[in-house]
Amino acid sequence: MGDTVKTERLQTDVLVIGGGTAGCYAALTIAEQNAAVSVLICEKAHIKRSGCLAAGVNALNAYITKGRVPQDYVDYARKDADGIVRGDLLLTMSERLNQVTEHMERLGLVILKDANGKYVARGNRNLKINGVNMKPILAKAVEALPQVTIKNHVNITDFFVKDNRIQGAFGFNIQDGTMYVIEANAVMIATGGAA
């Protein structure tokens, strides 16, 4: 007989798969809007340095600068993706881009400003930031929330489906082999382009 696999069963209101910028910000938003909702983030690496922004981009490319409107961002994204986009979803998202930027600044992200206190922009949508700070700032904010649990080094491998509805997921800790069976009322996938 071989070794038995340690199994841990978890239950949460919202399971966020991926602890990069999107996953952390989603958990932060959910927790800030409803303190009674439990959130579990499963990240295959570690949330402090996971995701494409962990390398430190030096600009927020989606900010809507003065004189521009959210539809301008939709048009930019549509052209960049050769027309393969959902314009309605992009518009809804882009209408909130500046609020997210201001929220990140309140969390501690330093954004370059001119002598009048206005953001310094390059082109139509680039604000200068120190990108390597974004992930540690988000990780710290999420770690401070009592209703958010973080499982680093957990790779989600499949969904738990019942009655044609995703009700959770299965995963493994890549360091110690623990298997996780996670039941969730909602599952959000935030694995980004790399996954």
Side-chain angles (χ1 to χ4, degrees), residues 10-35 37-57 59-63 73-74 77 80-81 84-86 88-104 106-109 129 131-161 165-175 180-195:
L10 303 171
Q11 199 286 325
T12 187
D13 292 318
V14 180
L15 169 61
V16 178
I17 302 171
T21 304
C24 284
Y25 199 84
L28 184 65
T29 302
I30 292 165
E32 287 179 348
Q33 290 180 358
N34 190 341
V37 173
S38 62
V39 180
L40 171 63
I41 299 173
C42 287
E43 166 55 43
K44 69 183 181 305
H46 196 289
I47 68 165
K48 285 188 179 166
R49 288 288 175 206
S50 57
C52 63
L53 282 183
V57 295
L60 285 174
N61 295 316
Y63 187 80
Y73 180 80
V74 174
D80 195 48
I84 307 172
V85 296
R86 281 274 312 265
D88 57 334
L89 295 177
L90 275 173
L91 183 60
T92 300
M93 182 273 305
S94 65
E95 289 170 341
R96 298 182 180 150
L97 288 172
N98 290 9
Q99 294 169 6
V100 171
T101 302
E102 291 163 5
H103 189 195
M104 286 302 304
R106 285 193 307 276
L107 289 173
L109 182 65
I129 65 169
V132 294
N133 293 333
M134 187 170 292
K135 272 314 311 277
I137 288 169
L138 279 172
K140 182 179 177 184
V142 170
E143 288 170 336
L145 296 168
Q147 70 273 45
V148 175
T149 302
I150 299 160
K151 291 289 184 185
N152 289 308
H153 310 294
V154 172
N155 191 15
I156 299 298
T157 56
D158 204 354
F159 297 111
F160 173 69
V161 180
R165 182 182 169 273
I166 295 176
Q167 296 186 345
F170 301 101
F172 290 89
N173 184 300
I174 62 173
Q175 291 184 325
Y180 289 94
V181 178
I182 304 162
E183 292 182 53
N185 297 330
V187 177
M188 178 179 292
I189 301 172
T191 54

Is any side-chain heavy atom of [Y] closer than 4.5 Å to one of [X]?
X	Y	answer
Leu107	Met104	yes
Leu60	Met134	yes
Thr29	His103	no
Phe172	Thr157	yes

Look up atom [atom1] in [X] and atom [atom2] in [Y], then write down how far apart they are to the nearest 0.5 Å.
X	Y	atom1	atom2	value
Arg106	Thr101	CZ	OG1	10.5 Å
Lys48	Glu43	NZ	CD	13.5 Å
Phe159	Ile166	CZ	CD1	4.5 Å
Ile182	Leu40	CD1	CG	5.0 Å
Ile30	Asn34	CD1	CG	9.5 Å
Leu109	Ile137	CG	CD1	5.0 Å

Taking all heavy atoms of [X] and all of [Y], pick out the closest pair and write down the distance.
X	Y	result
Cys42	Leu15	SG-CD1, 3.9 Å
Val148	Ala27	CG2-O, 4.4 Å
Leu90	Ala77	CD1-CB, 3.7 Å
Ala184	Val187	CB-CG2, 4.1 Å
Ile41	Cys24	CD1-CA, 4.5 Å
Asn152	Ala45	CB-O, 3.5 Å

So, [X] side chain and [Y] main chain: donor-acceptor pair closer than 3.5 Å or not?
X	Y	value
Ser38	Asp13	yes
Lys44	Ile156	no
Ser50	Gly19	yes

Evaluation steps, side chain to side chain contact (heavy atoms under 4.5 Å, CB included), between Tyr63 and Leu97: CA-CA 6 Å; Tyr63 187 80; Leu97 288 172; over 6 Å; no
CA sep, side-chain torsions, deciding dist, call: Leu138, Tyr25, side chain to side chain contact (heavy atoms under 4.5 Å, CB included): CA-CA 7 Å; Leu138 279 172; Tyr25 199 84; 3.9 Å; yes
Taking atom CE of Met188 as the centre, does the number of heavy atoms from other residues, nucleotides or ligands within less than 6.0 Å exceed 12?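 12 or below, so no.
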Apply the test side chain to side chain contact (heavy atoms under 4.5 Å, CB included) to residues Gln147 and Val37: give CA-CA distance (whole Å), side-chain angles for both, the deciding distance (0.1 Å), then the verdict. CA-CA 7 Å; Gln147 70 273 45; Val37 173; 5.9 Å; no
Walk me through whether Asn185 and Gln11 qualify under side chain to side chain contact (heavy atoms under 4.5 Å, CB included). CA-CA 9 Å; Asn185 297 330; Gln11 199 286 325; 4.0 Å; yes
